[in-house]
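Working notes for the structure below.
These numbers come from the heavy atoms of this one structure, side chains and all, not from hydrogens, waters or symmetry mates. Nothing fancy with the numbering, it's 1 onward along the sequence. All ligand and atom numbering here is 1-based and tracks the order in the structure.
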Amino acid sequence: MSGYALGFDLSTQSLSVIVMDSHCQVILEYSVNFDRDLPQYQTKGGAHAGENGRFTSPALMFVEALEKVFEHLKEKLRLDQVRCISGSAQQHGSMYWKRGAQELLRHLNPEASMVQQLQTAFSRQECPIWMDASTRKQCNYLETVLGGPEVVAEKTGSRIYSRYTAAQIRKIYEDEPQIYEDTEHISLISSGMASLLLGDYAPEDVADAAGTGLFVLQSDPPLWWDLAIEQTAPRLKDKLVPKPVYSYCPLGKIHTYFAQRFGLDRQQCFIFPWSGDNPNSAAGLLLQAERDLAVSLGTSDTAFAITKQIKPRIEAHVYRSPMKPLEFIPLVCYSNGSLTREAIKDMDSMEPRTWESFTQSLLQTPPGNNGILGFYYRVPEILPSAKPCPPTFFDMDMKLVQNIDYHTKVRAIVESRCLAIKIHMDRFQVKYDRVWATGGASENEEILQILADVLQAPVHRVLYHNSASLGAAYRAWHGKAYADNPSNLEGFHDFIRTKQQLSHGNESKNRKLVWHPNPEASHIYLKMFPIYEELEKRFETH
Ligand code: ADP
Ligand code: XUL
């Protein structure tokens, strides 16, 4: 196979793309930052914050960003050489397509821009996104009618969280019945983006479907949970694709719109299902079951692994692996990730500080931070389920402390997040002996050292830190090989290694640096775990 794969990543703050050659090497990357490059949508960190914990992003901003990427790529690359495209998107968020949108989408005119032609395609201009915390009422309702949080978690992999698509759809049905009526189709953001490329409604892949509250976690073949669909809103089944698909399933050829406007070869370029950012990162990091833990430090902080068997727990999540049909992704998620660290970095200063000064603070403070722990929820937190609260610090006697210096505050916020990851992930009893760090904040080597010290495992960082787009491009190549020869498909990991021309057992060329744990730090953190656990309970609101 020759040519290129495109791997997209529509994250909270940006739409990025990588171009990957047939040896799975990244040859080009490009990113559209929503706040900076599409200021007309007036987002902050890619989102609009509303009342009562509402967080949304404009659907048309996603459409326009996609076109912007192709305009750029057209100048840099022979797009007729692109053989396969897949992508990654922030999980849970949903797009509402208005009656008649499918026809509009199918018949786009390549002479005009997509964003112009899709102005009337959405019944709701704003997509609820993963940061949303406004649907407590709908979560309670759905959990009650479906048999309680434990039953729902057992069936779908997670209880219904505010950001889960089922709760979001129910809220729109209750609060905006006309919009619900006018909606002919509901996509996840991932499948919505695939739909733009395909020119028709694309199905959800199993991995991202598992973040809806509507999917039977252990189903093979993949199935929606009919009862949850019936209880979420009337006639919802008609507004969804009939079934989610495996992540490697070819969806079809690129839309003639992209072929004619940007020069892609419609006969040779195939679209593969988009998936969620965390499942794609698992693929990009080539995570191995029962061996690896991934920590993603993006707008959200997440920690996840791959397992062959799983017991869901109500304070965390289980998704499906996009690499192998019946493997699972246990995951913990914190909504106060990078933007909260940024706010701490710039605290008490007129001007934004540099990351260098933040790092200096980490270097000037010892492991254990002289016993100071920190909690700061700028936006409603998922784990624990907490309301926003200003930076709050405690000592090892669990007493509130004030008047501490900037450096100590910085370390407290970073270290306490690492303690939380260790405590919550260990409750899944997943085994790991190494950690893979990814996401924007994995640039910061001092954060990685603290992570290694708290988790007491070596922390690796891949050369290319956007593992979500890497995973999307790997999946596109793997899916293409499956489409070309379904009877002869290697496992995902072996397939990528073979393409990278690495012998078995060798690490991917994309794997690079390692931070080793300091064994002495282990005693310090062992004392802090139970204190952190107790303090965290104080912030839990229900
Ligand atoms: P997302 O994919 O969720 O949009 P990214 O994974 O691209 O976000 O991460 C972006 C974030 O990375 C920025 O908001 C910034 O706070 C953080 N970041 C970038 N460089 C550093 C650094 N050196 N130290 C800590 N955080 C950083
Ligand atoms: C995972 C989650 C976030 C989003 C955005 O459950 O909500 O990680 O996928 O990154």
Could [X] and [Y] be called an ion pair, given the rule that one side-chain N must be under 4.0 Å from one carboxylate O?
X	Y	result
R159	E315	no
D292	R434	yes
R341	D301	yes
K68	D37	no
D405	K409	no

Can you classify the ring geometry of F8 versus F70 as parallel (below 30°), tilted (30 to 60°) or perpendicular (above 60°)?
tilted

Check N336 against V379 and note the closest heavy-atom contact, atom names and distance.
ND2-O, 2.8 Å

Please write down residue, atom name and distance for the protein heavy atom closest to [atom].
atom	value
atom 19 (C) of ligand 1	G440 O, 3.6 Å
atom 24 (N) of ligand 1	N444 ND2, 3.1 Å
atom 17 (C) of ligand 1	S338 OG, 3.7 Å

Is any N or O atom of [X], backbone or side chain, closer than 3.5 Å to an N or O atom of ligand 1?
X	result
T299	yes
L339	no
S11	yes
E443	no

Short question: side chain of S469, backbone of N466 - any donor-acceptor pair under 3.5 Å?
yes

Test item: S219 side-chain N/O and V216 main-chain N/O as donor-acceptor pair under 3.5 Å
yes

At less than 4.0 angstrom from any non-hydrogen atom of [X], what atoms of ligand 2 do you find?
X	result
C333	1 (C), 2 (C), 3 (C), 7 (O), 8 (O)
S300	3 (C), 5 (C), 8 (O), 10 (O)
T302	8 (O)

Run R475 and S86 through side-chain hydrogen bond (donor to acceptor under 3.5 Å, both in side chains) and show every step you take.
CA-CA 7 Å; R475 290 195 306 99; S86 183; 2.9 Å; yes

Tell me which part of [X] gets within contact of ligand 2: side chain, backbone, both or neither, using heavy atoms under 4.0 Å.
X	value
H92	side chain
Y319	side chain
T299	neither

Number the atoms of ligand 1 from 1 as they appear, then name those within less than 4.0 Å of a heavy atom of G439, with their elements.
6 (O)

Please identify which atoms of ligand 1 are closer than 4.0 Å to at least one heavy atom of E342.
13 (C), 14 (O), 15 (C), 16 (O)

Would R170 pass as a cation-pi partner of Y173, given that its NZ or CZ must be under 6.0 Å from the six-membered ring centre and within 45 degrees of the axis?
no

State whether W224 and K243 meet the cation-pi test: NZ (Lys) or CZ (Arg) under 6.0 Å from the six-membered ring centroid, and within 45° of the perpendicular axis.
no

If you measure every N or O of [X] against every N or O of ligand 2, does any of those distances drop under 3.5 Å?
X	answer
R163	yes
D277	yes
Q90	no

Under-4.0 Å heavy-atom contact with ligand 1, by part of Q13 that carries it:
both

